[in-house]
**Q** 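Shown below is the structure under consideration.
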Amino acid sequence: WREGSHMESTQRWRWLGAEFTIIVLRVLSALLVDTWIKEREHAERAAEYRERVVADLNTDVKEMTARMDYYERIREFGLAVLDVYEGRAQMSDFDLMFAAFNAAEEWGFSPESSTFTDMQSTGHLALVGDLQLRLGLARYYREMGARSTVWSPPSAFREVARGIIPNQLQASIHQQCNEVAADITLMSARAGPGRDQPCQLNPAEFDVAAAAERLRTHPTAAELLRYRVSQLRVAVDLFQNQRAIAEDLLKQLQDSQ
């Protein structure tokens with residue numbers, strides 16, 4: 001009887017041991033599956049953010065390149081008007097109005113930072129595994145924010161010029177040259193403003209003699225334009241520097257995949 005009871009007890013412990021092993025294996029399997037799922041979700045989220053950051057940086061590169069070309073061209077108009085103010089060149093009344101209008105043009109710029117802001121607010125910056133890359137992105141967007149007031153040229157000359165140039169001429173430039181104003185394919189003012197204009201304005205249709213005289217003799221216009229032209233040069237240099245940083249970050253993102 002004792003031997004049978006001992007065998008039965010041994011079998012019971014073996015059964016409990018097997019049952020315990022199965023339970024442990026099931027728990028471990030569940031934990032492994034859960035860990036795998038979380039790691040997969042982590043990897044997918046990191047890849048999604050990477051794609052979004054790359055898209056944002058590519059947008060910045062494209063937009064900064066466009067602004068650099070835009071600012072260089074309106075700066076040329078500004079330099080041409082300065083040549084008139086400083087006695088190095090002469091310009092017809094219409095050409096002066098046209099060049100001054102374009103020298104006062106603006107095209108705002110806002111960096112695409114929505115993804116980085118999202119990663120900051122949700123605590124997902126750590127998904128960028130490379131610490132140096134993470135610091136580089138933070139520095140890039142911090143500098144973008146700090147320079148937000150430099151992306152746009154000073155508006156004082158714009159206010160003076162747009163207050164003098166006849167509304168009829170301004171409206172005609174906007175209506176007939178709106179595509180030109182968008183991509184700045186206007187001729188260089190130094191090459192002869194008013195000649196071969198893509199927007200085909202007819203100078204004879206506009207009475208600008210009095211306005212041109214007011215602009216020529218305005219007490220502060222030359223000084224304001226000189227400052228605007230110098231700041232346009234600064235803005236282009238800043239755009240060039242930030243674009244180089246964005247392109248380097250794009251390369252790092254590609255290499256770290």
Side-chain angles (χ1 to χ4, degrees), residues 35-79 102-155 158 179-186 188 227-257:
T35 300
W36 177 80
I37 291 174
K38 287 181 179 179
E39 289 178 348
R40 181 177 178 181
E41 290 176 348
H42 180 93
E44 289 175 350
R45 188 178 293 112
E48 178 188 350
Y49 273 123
R50 178 186 298 273
E51 290 178 3
R52 289 172 56 187
V53 170
V54 166
D56 288 353
L57 289 172
N58 276 321
T59 297
D60 280 355
V61 168
K62 178 181 177 181
E63 294 297 322
M64 285 188 284
T65 300
R67 297 310 188 282
M68 288 166 62
D69 181 63
Y70 184 96
Y71 282 2
E72 286 284 12
R73 291 178 180 269
I74 65 175
R75 184 171 178 270
E76 283 294 307
F77 282 107
L79 290 171
N102 285 286
E105 280 286 64
E106 291 184 352
W107 188 9
F109 171 74
S110 296
E112 185 52 72
S113 58
S114 58
T115 301
F116 186 78
T117 301
D118 180 20
M119 294 175 74
Q120 275 188 317
S121 62
T122 57
H124 286 145
L125 271 179
L127 290 173
V128 181
D130 188 317
L131 176 60
Q132 293 304 313
L133 178 55
R134 192 157 68 239
L135 291 173
L137 286 168
R139 189 180 306 112
Y140 170 79
Y141 285 107
R142 184 173 65 252
E143 290 179 355
M144 280 294 202
R147 293 173 175 175
S148 59
T149 58
V150 187
W151 304 128
S152 297
S155 61
R158 174 184 173 87
E179 293 298 327
V180 173
D183 59 19
I184 301 299
T185 56
L186 288 169
S188 167
Y227 178 59
R228 179 180 176 86
V229 165
S230 68
Q231 290 304 105
L232 284 168
R233 179 70 265 172
V234 171
V236 170
D237 288 343
L238 288 174
F239 276 128
Q240 189 171 25
N241 180 63
Q242 287 298 105
R243 184 182 66 176
I245 295 173
E247 289 172 338
D248 182 62
L249 288 171
L250 283 168
K251 184 178 184 303
Q252 291 183 55
L253 284 165
Q254 182 179 12
D255 293 344
S256 64
Q257 285 183 339

**Q** Do you know which two heavy atoms are closest between Val54 and Leu250, and how far apart they sit?
**A**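 Nearest pair, atom of Val54 first, then Leu250: O-CD2, 3.7 Å.
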
**Q** Kindly write out the residues that satisfy side chain to side chain donor-acceptor pair (under 3.5 Å) with Thr65, not counting sequence neighbours, or none if the list is empty.
**A**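 Partners of Thr65 under the side chain to side chain donor-acceptor pair (under 3.5 Å) test: Arg243.
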
**Q** Roughly how far apart are Ser113 OG and Arg142 CZ, rounded to 0.5 Å?
**A**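 Between Ser113 OG and Arg142 CZ, I get 14.0 Å after rounding to 0.5 Å.
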
**Q** Tell me every residue that passes salt bridge (charged side-chain N to carboxylate O under 4.0 Å, His left out) with Glu112, counting only those two or more places apart in sequence or in another chain.
**A**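 Expected list: none.
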
**Q** Just wondering, do Met119 and Val128 contact through their side chains at under 4.5 Å, heavy atoms?
**A**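 In contact.
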
**Q** How far does CG of Leu57 sit from CZ of Phe116, to the nearest 0.5 angstrom?
**A**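 Atom-to-atom, Leu57:CG and Phe116:CZ are 10.5 Å apart.
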
**Q** Taking only Lys NZ, Arg NE, NH1 and NH2, and the carboxylate oxygens of Asp or Glu, determine whether Asp130 and Arg134 approach each other closer than 4.0 Å.
**A**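 Arg134 and Asp130: not salt-bridged.
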
**Q** Test your reading of the model: is there a side-chain donor-acceptor pair from Asp118 to the backbone of Ser114, 3.5 Å cut-off?
**A**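 Here the side-chain-to-backbone pair does not exist.
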
**Q** Looking at CG of Leu249 and CZ of Arg139, how far apart are the two atoms once the value is rounded to the nearest 0.5 Å?
**A**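 Reported value, rounded in 0.5 Å steps: 9.0 Å.
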
**Q** I'd like to check Ile74 versus Arg228 (side-chain heavy atoms, cut-off strictly below 4.5 Å). Are they in contact?
**A**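 Counting from C-beta outward, Ile74 and Arg228 do come under 4.5 Å.
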
**Q** Please collect all ring pair (Phe, Tyr, Trp, His ring centres under 6.0 Å) contacts where either partner lies in residues 118-140, sequence neighbours excluded, each pair once.
**A**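 Residue pairs with at least one partner in residues 118-140: Tyr49-His124.
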
**Q** Does the separation of the ring centres of Tyr71 and Trp107 fall below 6.0 angstrom?
**A**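 No - the distance between ring centres of Tyr71 and Trp107 does not fall below the 6.0 Å cut-off.
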
**Q** Measuring only between side-chain heavy atoms, which start at C-beta, is Phe77 closer than 4.5 Å to Glu105?
**A**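 No, every pair of side-chain atoms sits at 4.5 Å or beyond.
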
**Q** Could you give me the CA-CA distance, side-chain angles and deciding distance for Glu63 and Arg67, then say whether salt bridge (Lys or Arg N to Asp or Glu O under 4.0 Å) is met?
**A** CA-CA 6 Å; Glu63 294 297 322; Arg67 297 310 188 282; 2.7 Å; yes

**Q** Carefully, step by step, assess Arg73 and Asp69 under the rule salt bridge (Lys or Arg N to Asp or Glu O under 4.0 Å).
**A** CA-CA 6 Å; Arg73 291 178 180 269; Asp69 181 63; 3.2 Å; yes

**Q** How long is the gap from CG on Leu137 to CD on Gln132, to the nearest 0.5 Å?
**A**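 Taking CG in Leu137 and CD in Gln132, the distance rounds to 11.5 Å.
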
**Q** Is any side-chain N of the basic residue among Lys251 and Asp255 closer than 4.0 Å to the acidic one's carboxylate O?
**A**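 Yes, Lys251 and Asp255 are salt-bridged.
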
